[in-house]
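Every chain is numbered from 1 and lettered A, B, ... according to where its sequence line falls, protein lines coming before strand lines.
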Amino acid sequence: MQNALTSLNEKQREAVAALHGPVLVLAGAGSGKTRVLTHRLAHLIGTKTATPQQLLAVTFTNKAAAEMRARVSALVGEAAARQMALGTFHGLGVRLLRAQHKYAPRSANFTIVDTTDSERLIREACTSLNISPQQVTPRNIRSMISKAKSTQTSPEAFAAEVQSPIAEAAARVYPLYEQLLAQNDGYDFDDLIIAPLQLLAEHEAVRRRYQQQWRWLSVDEYQDTNPPQDALLKLLLGPEQNLCAVGDDYQAIYSWRGAQVDHILQFETQFPGCTTIYLTQNYRSTSPILEAANQIIAVNEDQKHKELWTDEKTGEAVQVLAVTSDRAEASSVCTGVQDAIEAGGAAGECAILYRTNAQSRAFEEELMLHNIPYQIVGGIRFYDRAEIKDAMAILHLTVNPNSALALERITKAMIVGVGLKTIARIKLYAREHKMSLIEALSDDAVLTSRLQASYAPLTRALAEAQSQLKDSPMGATMEQLLKGSGYLASLKDVERSEERLENIAELINVAAGYTDAASFIEDVALMSDIDQTTDAKDRVLCMTLHAAKGLEFEQVWLVGCEEGLLPHRNSIDRPAELEEERRLLYVGMTRAKRQLTLSHASTRTLHGESLPQAPSRFLADLPESVTQTDLAGEATAAALDDTITGGLWDLEGRDVGEIVSHPQFGPGVIIQISGSLITCVFEGHGVKTLDASMAA
DNA sequence: GCCGACAGATTTTTT
DNA sequence: ATCTGTCGGC
């Protein structure tokens, strides 16, 4: 085995060697944080301080977990790495709830209720409470309830502090929603953290058991943990307090789902005498990129100040690309990507990052047009597609024949003549007669023989699968289920039939990698799109800034740097959220290794109409010395029409986003006006702030 | 219970 | 511009 301490810098080595007690690693972007985490785990094992079974490592995404396991594997061998507990918070929650279901509020075969299903339940609750979805959308209510759950607020407590009419509606829905979850034997995403937390808090013996089992804990992306997650960690933490928290407050971008930067900022207060290590040497980006990113983030106030540095002295300037429309933006960026590929770079070295998923479409169309291989990450998740959810619902019924959500889903998809009313009758009858929903489907007292016959292929396929589930591979089971139940046939004469069948084929492919249905279902429920991105370096990746966290690319186009988008309009009047938007930009910028382009369009199509857009206020904070501007042809032409000889200094009627011409710097775009100070980006000259009260 | 036509929202980010 | 949910007629 390789020594875990070699090939690390001094700070990294310190972090890896700090094996006992609480350790805080404040790791800047690109500072080798994953390296530190993996080497630390390897070091714990290598020095025989801990056995692999005593380690628990929590990551933010499944992909990060997989990568970490692979890297630890390389250091300590596969056998040892396999024995570590390594996964996401939600994965950990599922594991605890399955193992300890006796102490938990649901069965061992519980259903994971994803956001869509959760919204469906809320809708149901609204209907029965006579709350019209007109005024308060179920989505809105769902997010309020989710926020309440992720700040550990009970239905009662929530009701007590209701402020708005919307909250009042949510307060009425909340308890009913919880009831519906229980009826469906389901946990929603929040429950997957909260339920284990309660379980551990209430059962000392169970808590002890895990504290003794996992004596070394580590957590990645600690800045993005929410209170229940933090509490869960602390309950799992035994008396030795062996917790290694790694994160970067500069990269905290999940406060909207209840994450608290305070967890990382207060770590040293929470654990007096902890070892704190700062990793600030960056191994990823060139110095212009780093300098620009540093300057952007330095404007924030609510943070620990640190500055990334690099030995890399050279590098191309950060480009600011000004274009006239979102279409022009897509086309300019595509040209840039094409140039990069023609210059010998792989498509996979390029990434297009944006604030909102809605922005992806223009790029998708343009990339397709130019035959550039690409992949859109996020948006409609593969596992959220209707046919995938239908197929999973069928499989689900083999594991849990009581899942009303699954039965409803598949009924809607393929059983003609049964609607919500009949389903309600089935549910009621099954409950009263203590039989499963599936059993009730073949009961004369519930369904007419005609309807029983409609269900017959499904029930038969389920029964068959039931008997062979144990000893046949999942791929075959899945195929038999989908064929036997008639679901596959039902996809034949439907819109986008081929695509759906292809997706099903892909699902069967994935299933083939599993041996038991429960773990397959579980993984699918917790799998995000980002986890799916293969590392094949053959296509341009397009994704949101959130999804880009933890990744890196040779070239990054960070698009839509406009007021209302980045910062997003919903964040503009709240200073704390504005800081988060800035961090989002910082996260995006620090993904770039070699070349970074920030683009903004002066008009953008929204809901079908074209609206004027001002450049992001953040652009004004870019350092002049490392920035270059490209007015992308059209904009330059526009500037020539609008040349004001010496008139730049007349601010009357000038607005942010306008293209102007300066006698010395030539064409440029105004990105900020503050009193008599005017900030522009000039082609070939970068960002300049000029004083309009001074004569030219 | 089903289907088509229309109205209305949608766009912040995700496990 | 597109998608989703609701409503009315069958």
Side-chain angles (χ1 to χ4, degrees), chain A residues 58-65 87-94 112-116 118-120 123 126-127 132-135 137-140 142-143 146-147 149-150 187-194 221 224-226 228-229 252-259 353-362 365 377-381 383-384 386 411-412 415-424 451 454 522-531 543-549 560 564-572 574 577 580-581 583-585 587-588 604-611:
Chain A
V58 184
T59 60
F60 198 69
T61 62
N62 293 301
K63 190 182 180 197
T88 62
F89 271 108
H90 292 83
L92 171 65
V94 167
I112 298 171
V113 176
D114 67 18
T115 311
T116 324
S118 159
E119 210 174 300
R120 191 157 296 147
R123 196 175 290 278
C126 285
T127 313
S132 85
Q134 247 67 334
Q135 298 258 299
T137 64
R139 168 190 285 225
N140 211 325
R142 199 203 68 80
S143 80
S146 175
K147 193 89 181 269
K149 284 185 157 192
S150 61
Y187 292 114
D188 67 17
F189 281 138
D190 297 309
D191 291 336
L192 292 181
I193 312 297
I194 297 171
E221 308 285 10
D224 283 325
T225 51
N226 68 21
Q229 291 172 334
I253 54 176
Y254 281 94
S255 77
W256 52 273
R257 74 174 197 209
L353 309 181
Y354 35 77
R355 177 65 177 87
T356 69
N357 278 310
Q359 288 166 259
S360 66
R361 177 164 289 174
E365 285 166 3
V377 181
I380 340 103
R381 240 172 39 127
Y383 294 107
D384 278 340
T411 297
K412 262 189 209 148
I415 308 292
V416 187
V418 179
L420 285 170
K421 264 192 166 167
T422 311
I423 298 236
L451 287 180
S454 316
E522 185 177 304
D523 280 6
V524 164
L526 294 179
M527 191 78 72
S528 73
D529 215 52
I530 186 91
D531 301 326
M543 69 186 99
T544 64
L545 292 165
H546 282 90
K549 189 165 79 156
L565 218 43
L566 186 65
H568 193 271
R569 53 199 295 282
N570 297 359
S571 307
I572 275 174
R574 304 193 167 282
E577 290 180 27
E580 184 149 312
E581 295 292 307
R583 288 195 293 272
L584 218 31
L585 173 59
V587 168
R604 188 168 287 278
T605 311
L606 210 64
H607 310 159
E609 66 176 331
S610 175
L611 298 169

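For the OP1/OP2 pair of B:dT13 and a distance below 4.0 Å, the side-chain nitrogens and oxygens of A:Arg583 include no atom meeting the criterion. Checking the phosphate oxygens (OP1, OP2) of B:dT13, a side-chain nitrogen or oxygen of A:Asn357 falls inside 4.0 Å. Here A:Thr61 does not reach the OP1 or OP2 of B:dT14: none of its side-chain N or O atoms lies under 4.0 Å away.
Aromatic stacking of A:Trp256 on B:dT13: satisfied, with centres closer than 5.5 Å and planes within an angle under 30 degrees. The ring of A:His607 lies on top of the base of B:dT10, close enough and flat enough: under 5.5 Å between centres, under 30° between planes.
Under a cut-off of 6.0 angstrom, the local environment of CZ in A:Arg257 is crowded, with over 12 non-hydrogen atoms contributed by other residues, nucleotides or ligands.
At whole-Å resolution of the value, CG in A:Leu451 and P in B:dG1 are 9 Å apart. The CG-C1' distance, from A:Leu566 to B:dT11, rounds to 14 Å in whole Å. Regarding A:Leu565, its CG atom lies at a distance of 10 Å from the P atom of B:dT13, rounded to whole Å. Look at NZ on A:Lys412: it is 13 Å from C1' on B:dC2, rounded to the nearest Å. Rounded to whole Å, atom C1' of B:dT14 lies 9 Å from atom NE2 of A:His90.
For the pair A:Asp224 (side chain) and A:Tyr254 (backbone), a donor-acceptor distance under 3.5 Å is present. A donor-acceptor contact shorter than 3.5 Å is absent between the side chain of A:His568 and the backbone of A:Glu581.
Across the interface with DNA chain B, nearest-nucleotide mapping of A:Phe189 and A:Gly419 shows A:Gly419 to be the residue nearer the 5′ end. Comparing A:Gln229 and A:Gly417, the nucleotide of DNA chain B nearest to each residue sits closer to the 5' end for A:Gly417.
A:Lys147 is not listed as a side-chain neighbour of A:Trp256, based on a closest heavy-atom distance of 4.5 Å or more.
A:Thr422 comes within 4.0 angstrom of the backbone, heavy atoms only, and of no base. Backbone-only engagement by A:Arg361 is indicated by non-hydrogen atom pairs under 4.0 Å involving sugar-phosphate atoms exclusively. No contact: A:Ile253 has no heavy atom under 4.0 Å from any strand. A:Phe89 comes within 4.0 angstrom of nothing in the nucleic acid, heavy atoms only.
Residues satisfying the ring pair (Phe, Tyr, Trp, His ring centres under 6.0 Å) criterion with A:His90, sequence neighbours excluded, are A:Phe189.
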